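Below you'll find the structure, written out as structure tokens, and then a few comments.
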Amino acid sequence: MSDITRHHTGDRMSQIVIHGETIYLAGQVGNKGDSVADQTRTCLEKVEALLAEAGSDKTRILQTTIWLADMADFAEMNGVWDAWVAKGHAPARACGEAKLAHPDLKVELLVTAARA
């Protein structure tokens with residue numbers, strides 16, 4: 001049986017959960033009120049930092065789920081995403097519209113990755 005390791009754990013959630021060789025990140029959001037592009041950049045910066053802490057990087061992302069507050073922002077978010085994804089390492093991905101935790105949030109990313 002593999003151990004489960006948790007990092008940045010609070011009463012509600014952990015920012016990183018590692019089980020075996022799989023890393024699960026909590027949903028990452030940007031700064032309230034920023035543009036979709038800026039919120040996406042912030043999300044991706046947070047993802048990179050958490051993956052590095054867990055012993056991985058963006059080339060090891062297995063799956064990403066992206067929630068947008070408004071699908072009209074799909075192209076703007078994808079412009080940032082497409083520039084960030086490592087060539088040849090695009091993960092399985094889904095994107096949908098959802099009401100996010102705060103009305104000023106426009107995007108949230110949920111990432112699962114393999115350890116390096």
Side-chain angles (χ1 to χ4, degrees):
M1 180 184 310
S2 295
D3 288 333
I4 298 173
T5 306
R6 301 171 200 281
H7 299 265
H8 309 289
T9 301
D11 292 337
R12 180 167 292 150
M13 67 179 174
S14 298
Q15 287 296 311
I16 304 169
V17 176
I18 302 169
H19 179 252
E21 295 301 309
T22 306
I23 302 164
Y24 303 89
L25 301 184
Q28 299 302 307
V29 296
N31 299 315
K32 296 174 187 167
D34 281 357
S35 69
V36 171
D38 286 341
Q39 286 191 26
T40 303
R41 278 186 207 90
T42 299
C43 290
L44 295 172
E45 289 167 4
K46 290 178 178 181
V47 164
E48 282 194 79
L50 291 168
L51 288 176
E53 181 179 338
S56 191
D57 62 50
K58 67 183 181 179
T59 67
R60 308 285 293 164
I61 296 175
L62 302 171
Q63 182 177 31
T64 301
T65 302
I66 302 170
W67 292 290
L68 292 170
D70 187 340
M71 285 303 289
D73 294 329
F74 186 68
E76 184 177 349
M77 178 277 300
N78 272 330
V80 176
W81 171 267
D82 292 345
W84 178 81
V85 169
K87 197 79 161 167
H89 295 279
R93 194 187 100 164
C95 183
E97 185 175 285
K99 187 173 184 175
L100 301 179
H102 190 279
D104 289 335
L105 292 174
K106 297 176 167 79
V107 61
E108 183 170 356
L109 274 71
L110 184 63
V111 170
T112 302
R115 287 223 259 195

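Everything numeric in this text was worked out from a predicted model, so none of it was measured.
Both Ile66 and Ile23 are assigned to one and the same hydrophobic cluster, defined by single-linkage of ILVMFWY side chains at heavy-atom distances under 4.5 Å. Two different hydrophobic clusters hold Ile4 and Ile16 under the rule that ILVMFWY side chains link at heavy-atom gaps under 4.5 Å. Residues Met13 and Tyr24 do not share a hydrophobic cluster, clusters being chains of Ile/Leu/Val/Met/Phe/Trp/Tyr side chains in contact below 4.5 Å.
Counting only heavy atoms from C-beta outward, the side chains of Leu51 and Asp57 never approach each other to under 4.5 Å. Considering only heavy atoms from C-beta on, His7 comes within 4.5 Å of Ile18 through its side chain. Between Leu100 and Val29, every side-chain heavy-atom pair lies at or beyond the 4.5 Å cut-off. You'll find the side chain of Thr65 stays beyond 4.5 Å of the side chain of Leu109, heavy atoms only. Contact check for His89 versus Ile61: no side-chain heavy atoms found under the 4.5 Å cut-off.
A side-chain hydrogen bond (donor to acceptor under 3.5 Å, both in side chains) check over residues 96-116, counting only residues at least two apart or in different chains, returns nothing.
Of all the heavy atoms in Asp38 and Ser35, the pair that sits closest is N-OG, 3.0 Å. Residue Trp67 comes nearest to Leu110 through the heavy atom pair CH2-CD2, 3.7 Å, listed as atom of the first residue, atom of the second, then distance. Nearest heavy-atom pair across Cys43 and Gly30 is SG-N, 3.6 Å. For Thr64 against Trp81, the heavy-atom pair with the smallest separation is OG1-CH2, 3.6 Å. Nearest heavy atom pair, residue Met77 against residue Cys95, reads CE-SG, 3.9 Å. Residue Ala90 comes nearest to Val85 through the heavy atom pair CA-CG1, 3.6 Å, listed as atom of the first residue, atom of the second, then distance.
Residues Gln15 and Gln28 bring a donor and an acceptor atom of their side chains to less than 3.5 Å of each other.
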Check the pair Leu50 / His8 against side-chain contact (heavy atoms from CB on, under 4.5 Å), numbers first and verdict last.
-> CA-CA 10 Å; Leu50 291 168; His8 309 289; 4.2 Å; yes
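The OG1 atom of Thr40 lies 8.5 Å from the CG atom of Asp73; values are rounded to the nearest 0.5 Å. Taking CZ from Arg60 and OG1 from Thr22, the interatomic distance works out to 10.0 Å, rounded to the nearest 0.5 Å. Atom CD of Glu76 sits about 10.5 Å away from atom CG of Asn78, to the nearest 0.5 Å.
Here the options are Leu44, Val107, Thr42, the test is side chain to side chain contact (heavy atoms under 4.5 Å, CB included), and the partner is Val80; only Leu44 passes.
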